[in-house]
Protein chains: 2
Amino acid sequence: MKRIADSTVRRLSMYLRYLEDLDTRGQQTASSDELAHLCGTTPAQVRKDLSFFGSFGKRGLGYPVHELTAHLREILGLQREWKVLIIGAGKIGAALANYRGFRQRGFTVAGVYDNDPNKVGQPWGEAIVRPMDALEADLNRDDAPIAVLAIPAEGAQAVVDRLVKAGVRAILNFAPTQITVPPHVNLKSVNMAMELEGLSFALTNPGYLDEGAA
Amino acid sequence: MKRIADSTVRRLSMYLRYLEDLDTRGQQTASSDELAHLCGTTPAQVRKDLSFFGSFGKRGLGYPVHELTAHLREILGLQREWKVLIIGAGKIGAALANYRGFRQRGFTVAGVYDNDPNKVGQPWGEAIVRPMDALEADLNRDDAPIAVLAIPAEGAQAVVDRLVKAGVRAILNFAPTQITVPPHVNLKSVNMAMELEGLSFALTNPGYLDEGAA
DNA sequence: CCCTGCTTGTGAACAATTTCACAAGCTCTA
DNA sequence: TAGAGCTTGTGAAATTGTTCACAAGCAGGG
């Protein structure tokens with residue numbers, strides 16, 4: 001009954017990726033030190049992260065790779081299939097649907113939606129683009145819990161409101177705008193422009209210094 | 001001469017986006033309260049973030065929108081043009097190159113690189129896909145300081161090493177793998193699988209609770 | 001000029017996260 | 001069974017980031 005930090009969850013996800021690697025290579029155990037090196041963090045961090053969820057390791061030996069992999073999958077909720085709705089049949093949506101490791105991790109595209117009449121009805125990967133208007137009806141008979149928002153900023157909030165009303169409880173937002181959702185809905189935003197600007201800042205202000213008050 | 005948190009820089013980027021909006025709408029001033037509401041943060045946070053770089057507001061009035069916009073552009077290093085190299089002529093690269101607000105913010109695609117012989121030489125947006133082998137030579141005569149890595153995880157580190165050796169000092173990584181760079185190189189990673197898994201975790205463990213030690 | 005109503009800028013309090021340091025515990029060997 | 005050599009698990013300390021609370025300061029009105 002403890003609040004888990006977002007950063008911790010992200011690291012768990014990374015541990016899982018590398019543990020899967022080690023597992024397929026047949027490695028039996030891995031120490032926190034080894035995991036830390038692979039994932040670019042510290043051994044203490046690895047141990048602390050895992051300790052929130054139980055005692056998976058053996059002192060003197062390390063963590064059993066195969067077992068820990070299973071535990072992490074369960075913790076992250078990856079033992080079931082998650083249906084994903086892609087909103088916006090553009091390049092970002094295509095990149096996501098194309099993404100290896102998307103399916104491998106149990107995420108399957110349940111539908112693609114767009115407003116553009118030229119796109120509606122077209123095949124798109126293994127799905128067919130459906131009109132945005134069909135959203136609510138489709139959701140009722142086949143409710144996909146995770147929606148990926150890959151549309152322009154304008155109107156993004158309106159679409160989110162519709163999704164939430166229709167019962168979606170998790171949204172991954174790629175639209176470069178601030179989205180608000182009720183507290184029971186989980187929202188993550190990825191903003192490419194913001195990341196690039198972060199790099200621009202770092203290059204402009206070497207060492208993250210504050211040089212200039214105007 | 002103060003270390004600026006990553007989270008602060010991200011928020012600055014967001015403030016800028018909304019200030020630009022307000023500016024084009026002709027709004028003269030904005031209070032920390034208004035900015036906070038737009039950006040989904042708190043007034044105190046807004047003031048603290050800005051205070052790291054100077055005193056831009058007027059007590060009783062708020063912040064002058066147009067002026068603050070200019071200040072933020074300067075702080076973030078957006079008053080110059082940044083050349084961007086896209087490594088990997090796939091869907092993710094296409095989504096990025098297509099991205100509105102990419103150019104608006106002063107980022108221009110200086111080149112696209114791929115290993116696939118079927119892609120090399122093909123037109124791609126306004127550029128022509130170049131072979132990866134040409135990287136070093138091209139960089140010398142037209143060095144792009146920011147590289148976007150939109151290739152699979154395998155071989156990503158090798159490409160990064162080449163980029164670093166060739167003088168690139170900022171990398172935005174979309175490959176789902178841990179990348180290491182020397183300290184003078186800035187690296188940001190965006191990992192879509194990780195974000196989705198974060199949602200999966202949140203849906204599986206409502207309220208971020210730790211229910212089950214095995 | 002003085003008072004009222006706002007809003008900034010900021011040290012200090014608070015909260016969250018990471019790192020440290022070490023006792024506890026496992027395996028192997030003799 | 002005892003001892004050596006590792007590595008985990010975890011309170012406590014340190015660090016980092018956010019929120020609070022309020023003095024300082026500007027604008028407008030009488």
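Proteins get letters first, then strands, A, B, ... in listed order; numbering begins at 1 in each.
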- For Ala127(B), what residues pass the side chain to side chain contact (heavy atoms under 4.5 Å, CB included) criterion, not counting sequence neighbours? Val112(B)

- Does the dT7(D) base have a donor-acceptor partner in the side chain of Arg59(A) within less than 3.5 Å? no

- Please say whether more than 12 non-hydrogen atoms of neighbouring residues, nucleotides or ligands are located less than 6.0 Å from CD in Gln28(B). no

- Item | Stepwise side-chain hydrogen bond (donor to acceptor under 3.5 Å, both in side chains) check, Thr177(B) with Tyr18(A) | CA-CA 9 Å; Thr177(B) 185; Tyr18(A) 284 96; 3.0 Å; yes

- Lys58(A) NZ - dC26(C) P separation (whole Å): 9 Å

- Query: Given atom CZ of Phe56(A) and atom P of dC26(C), what is their separation to the nearest angstrom?
  - Reply: 17 Å

- Bend angle of the helix from dC1(C)-dG30(D) to dA30(C)-dT1(D), from helix axes over five pairs at each end, nearest 10°: 0°

- Task: Measure the CG-CG distance between Leu163(B) and Leu139(B) for me, rounded to the nearest 0.5 Å.
- Result: 7.0 Å

- Item | Listed once per pair and sorted, the salt bridge (Lys or Arg N to Asp or Glu O under 4.0 Å) pairs that draw on residues 145-164 of chain B, sequence neighbours left out | Arg100(A)-Glu154(B), Glu136(B)-Arg162(B)

- So the salt bridge (Lys or Arg N to Asp or Glu O under 4.0 Å) pairs with at least one residue in residues 56-67 of chain A (sequence neighbours excluded) are none

- What residues, two or more places apart in sequence or in another chain, satisfy side chain to side chain contact (heavy atoms under 4.5 Å, CB included) together with Pro183(A)? none

- Item | Separation of dT18(C) C1' from Leu50(A) CG (nearest whole Å) | 15 Å

- Item | Close approaches to DNA chain C from residues 7-25 of chain B, in residue order (heavy atom, under 4.0 Å) | none

- Message: Per the salt bridge (Lys or Arg N to Asp or Glu O under 4.0 Å) rule, what does the pair list look like for residues 11-40 of chain A, sequence neighbours excluded?
- Response: Arg11(A)-Asp49(A), Glu20(A)-Arg73(A), Glu20(A)-Arg105(A), Asp21(A)-Arg25(A)

- Note on the structure: Those residues at least two apart in sequence (or on a different chain) that pass side chain to side chain contact (heavy atoms under 4.5 Å, CB included) with Thr204(B) are Trp82(A), Ser200(B)

- Task: Grab the NZ-C1' distance between Lys2(B) and dG11(C) for me, whole Å please.
- Result: 11 Å

- Query: Starting at CG of Asp6(B) and ending at P of dG17(D), how long is that distance when rounded to a whole Å?
  - Reply: 9 Å

- Item | Non-neighbouring partners of Pro176(A) that pass side chain to side chain contact (heavy atoms under 4.5 Å, CB included), sequence neighbours left out | Ala153(A), Asn191(A), Tyr99(B)

- Note on the structure: Per the under-4.0 Å heavy-atom filter, residues of residues 26-49 of chain A near DNA chain D come out as Ser31(A), Ser32(A), Arg47(A), Lys48(A)

- Apply side-chain contact (heavy atoms from CB on, under 4.5 Å) to Phe102(B) and Thr108(B), showing your working. CA-CA 7 Å; Phe102(B) 197 88; Thr108(B) 61; over 6 Å; no

- Might you confirm whether atom CD of Glu74(B) has over 12 heavy atoms from other residues, nucleotides or ligands at distances under 6.0 Å? no

- Residues from residues 60-69 of chain B sitting under 4.0 Å of DNA chain C, heavy atoms only? Gly60(B), Leu61(B), Gly62(B), Tyr63(B)

- Item | Summary of salt bridge (Lys or Arg N to Asp or Glu O under 4.0 Å) pairs that have at least one residue in residues 186-196 of chain A, sequence neighbours excluded | Asp6(A)-Lys188(A), Glu195(A)-Arg10(B)

